[in-house]
Amino acid sequence: MRIATWNVNSVKAHLESVTTWLQQAKPDVVCLQEIKCEDHAFPVAHFEELGYSSLVHGQKTYNGVALLSKLPMEDVQRGLPGDATDEQARFIAATVIDGTNAVRVCGLYLPNGNPAPGPKYDYKLAWIERLKAFAKSELLKEEAFVLAGDYNVIPNPEDARNPQNWTTDALFLPQTRQSFRELLALGLTESFRALYPSKIEYSFWDYQAGAWPKNNGIRIDHLLLSPQAADRLVSAEIHKDVRGHEKPSDHVPVLIELQ
DNA sequence: ATGCCATCCAATGGATGA
């Protein structure tokens, strides 16, 4: 099963790039973030024509997440548990069935958190705590699951071209990185880094200041695996070429294959 | 390094992103 995550920075604005990539990469499941539209405006019929069914947790203008799948999906969950007052659409999960195999796929868009310190950073840290609680309860089931999305976390200095530029940024503050490590320490495997301990690759390049031509990128899109999913991990790829599309998202797809 | 670019909504500017 090929599972991808991609922050598309508006599904409508970048539908051409998304379509091109789906046709080339042919993933089975895709977690989309920042779709920036409400459920009714999501291009369900368009993706249906490409062979994908859609599950959407949308929001006007900001945020919004969705799952695309060639395989059947069931048991949909919208919104991260732990705060009934949270109205931001940042989490959607479903169980993907591939014959006798099942994988719980959770797509997430973790808050940016800037400026830090401040209420936005507090929200980010609280959101990570909720994600840890969610992961902890899922791990008790001893089943295969994937937490895939835009984490807005640069895990380590080698995950940024210019780490010195990020020292006071919410994506790289010590407390951010510690919270991310605590999430991993529950028993999750970060797919890309687990397979390639010293590979330098990025998943985001700012639109500004020639970040892309200078390769001034950061790696903030991750797929975390439960032990039962990690046992099945075959490969991980970051599809950097997509950043060179005409009218691209500022993020590129990250894709794994599970046996 | 301070949003230099891009998106959205709505109105020719503001909020947001990382």
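Per chain, numbering begins at 1; letters A, B, ... match sequence-line order. What you are looking at is a predicted structure, and each value in this text was computed from that prediction instead of being measured.
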Is there any protein nitrogen or oxygen under 3.5 Å from a nitrogen or oxygen in nucleotides 8-12 of chain B, and what are the pairs?
{"from": "B:dC8", "atom 1": "OP1", "to": "A:Ser10", "atom 2": "OG", "distance (Å)": "2.4"}

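For the P atom pair drawn from B:dG14 and B:dG3, the interatomic distance equals 15 Å after rounding to whole Å. Comparing the same atom, C1', in B:dT2 and in B:dA11 gives a spacing of 27 Å after rounding to whole Å. Comparing the same atom, C1', in B:dA1 and in B:dA10 gives a spacing of 30 Å after rounding to whole Å.
At the heavy-atom level, A:Ile154 lies nowhere under 4.0 Å from the strands shown. The residue A:Asp221 sits apart from the nucleic acid: no heavy atom pair falls under 4.0 Å. Nucleic acid contact for A:Tyr151: none, since no nucleic acid atom lies under 4.0 Å from a heavy atom of the residue. Within the nucleic acid shown, A:Asn152 comes within 4.0 Å of sugar-phosphate atoms alone, with no base atom in reach, counting heavy atoms only. Residue A:Asn162 is classed as having no contact, given no heavy-atom separation below 4.0 Å to the nucleic acid.
Here the P atom of nucleotide B:dA6 and the NE2 atom of A:His245 are 17 Å apart, to the nearest Å. As a whole-Å value, the separation of A:Trp166 CH2 from B:dG3 P is 12 Å. For the pair A:Lys214 NZ and B:dC4 P, the computed distance is 14 Å after rounding to whole Å. Between the C1' atom of B:dT7 and the CD atom of A:Glu16 lies a distance of 17 Å, rounded to the nearest Å. In this structure, A:Asn7 places its CG atom 17 Å from P of B:dT16, rounding to the nearest Å. The distance from atom CD of A:Glu34 to atom C1' of B:dG17 is 6 Å, rounded to the nearest whole Å. Counting to the nearest Å, the P atom of B:dA15 and the CD atom of A:Gln59 are 17 Å from each other. When rounded to the nearest whole Å, the span between CG of A:Asp206 and C1' of B:dT7 equals 13 Å.
OP1 or OP2 of B:dT7 sits under 4.0 Å from a side-chain N or O of A:His14.
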Both atom distances under 3.5 Å, Watson-Crick or G-U wobble: I'd like the secondary structure of DNA chain B as a dot-bracket string, with | for pairs made across strands.
....(((((...))))).
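With sequence neighbours excluded, the residues that form a side-chain hydrogen bond (donor to acceptor under 3.5 Å, both in side chains) with A:Asp221 are A:Ser203, A:His251. The side-chain hydrogen bond (donor to acceptor under 3.5 Å, both in side chains) test applied to A:Asn165 returns no partner, not counting sequence neighbours. Under the rule for a ring pair (Phe, Tyr, Trp, His ring centres under 6.0 Å), A:Phe172 has no partner lying at least two apart in sequence or in another chain. Taking A:Glu257 as the reference, nothing meets the side-chain hydrogen bond (donor to acceptor under 3.5 Å, both in side chains) condition, with sequence neighbours excluded.
Grouping Ile, Leu, Val, Met, Phe, Trp and Tyr residues whose side-chain heavy atoms lie under 4.5 Å apart, directly or via other members, leaves A:Ile97 alone, with no other cluster members. Other members of the cluster containing A:Leu108 are A:Leu80, A:Phe91, A:Leu110, A:Tyr123, A:Trp127, A:Ile128, A:Leu131, A:Phe134, A:Leu139, A:Phe145, A:Leu147, A:Tyr151, A:Val153, A:Phe180, A:Leu183, A:Leu184, A:Leu186, A:Leu188, A:Leu224, with ILVMFWY side chains joined at under 4.5 Å, either directly or via other members. Grouped by direct or indirect side-chain proximity (heavy atoms under 4.5 Å, Ile/Leu/Val/Met/Phe/Trp/Tyr only), A:Leu125 sits with A:Tyr121, A:Leu173.
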Using a 3.5 Å cut-off and no angle test, enumerate the donor-acceptor pairs between side-chain atoms of residues 68-75 of chain A and protein atoms at least two apart in sequence or in another chain.
{"from": "A:Ser69", "atom 1": "OG", "to": "A:Leu71", "atom 2": "N", "distance (Å)": "2.9"}
{"from": "A:Ser69", "atom 1": "OG", "to": "A:Leu71", "atom 2": "O", "distance (Å)": "2.7"}

Under 3.5 Å donor-acceptor pairs involving side-chain atoms of residues 229-236 of chain A, not counting sequence neighbours:
{"from": "A:Arg232", "atom 1": "NE", "to": "A:Gln259", "atom 2": "O", "distance (Å)": "2.9"}
{"from": "A:Arg232", "atom 1": "NH2", "to": "A:Gln259", "atom 2": "O", "distance (Å)": "3.3"}

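A donor-acceptor pair shorter than 3.5 Å can be found between the side chains of A:Asn7 and A:Glu34.
The aromatic rings of A:Trp212 and A:Trp205 sit perpendicular, their planes meeting at an angle over 60°, well past the 30° parallel limit.
Where A:Tyr207 and A:Asn63 meet DNA chain B, the nucleotide closest to each residue was compared, and A:Tyr207 sits on the side nearer the 5' end. Along DNA chain B, the nucleotide closest to A:Lys247 and the one closest to A:Asp150 are compared, and the more 5′ of them pairs with A:Lys247.
In summary, of the residues considered (A:Gln77, A:Glu143, A:Gln228, A:Glu138), a side-chain hydrogen bond (donor to acceptor under 3.5 Å, both in side chains) with A:Arg104 occurs for A:Gln77 alone.
A:Glu158 and A:Tyr202 get closest at one heavy-atom pair: O-CE2, 4.1 Å.
Listed by residue number, the members of residues 113-131 of chain A with any heavy atom below 4.0 angstrom from DNA chain B are A:Asn114, A:Lys120.
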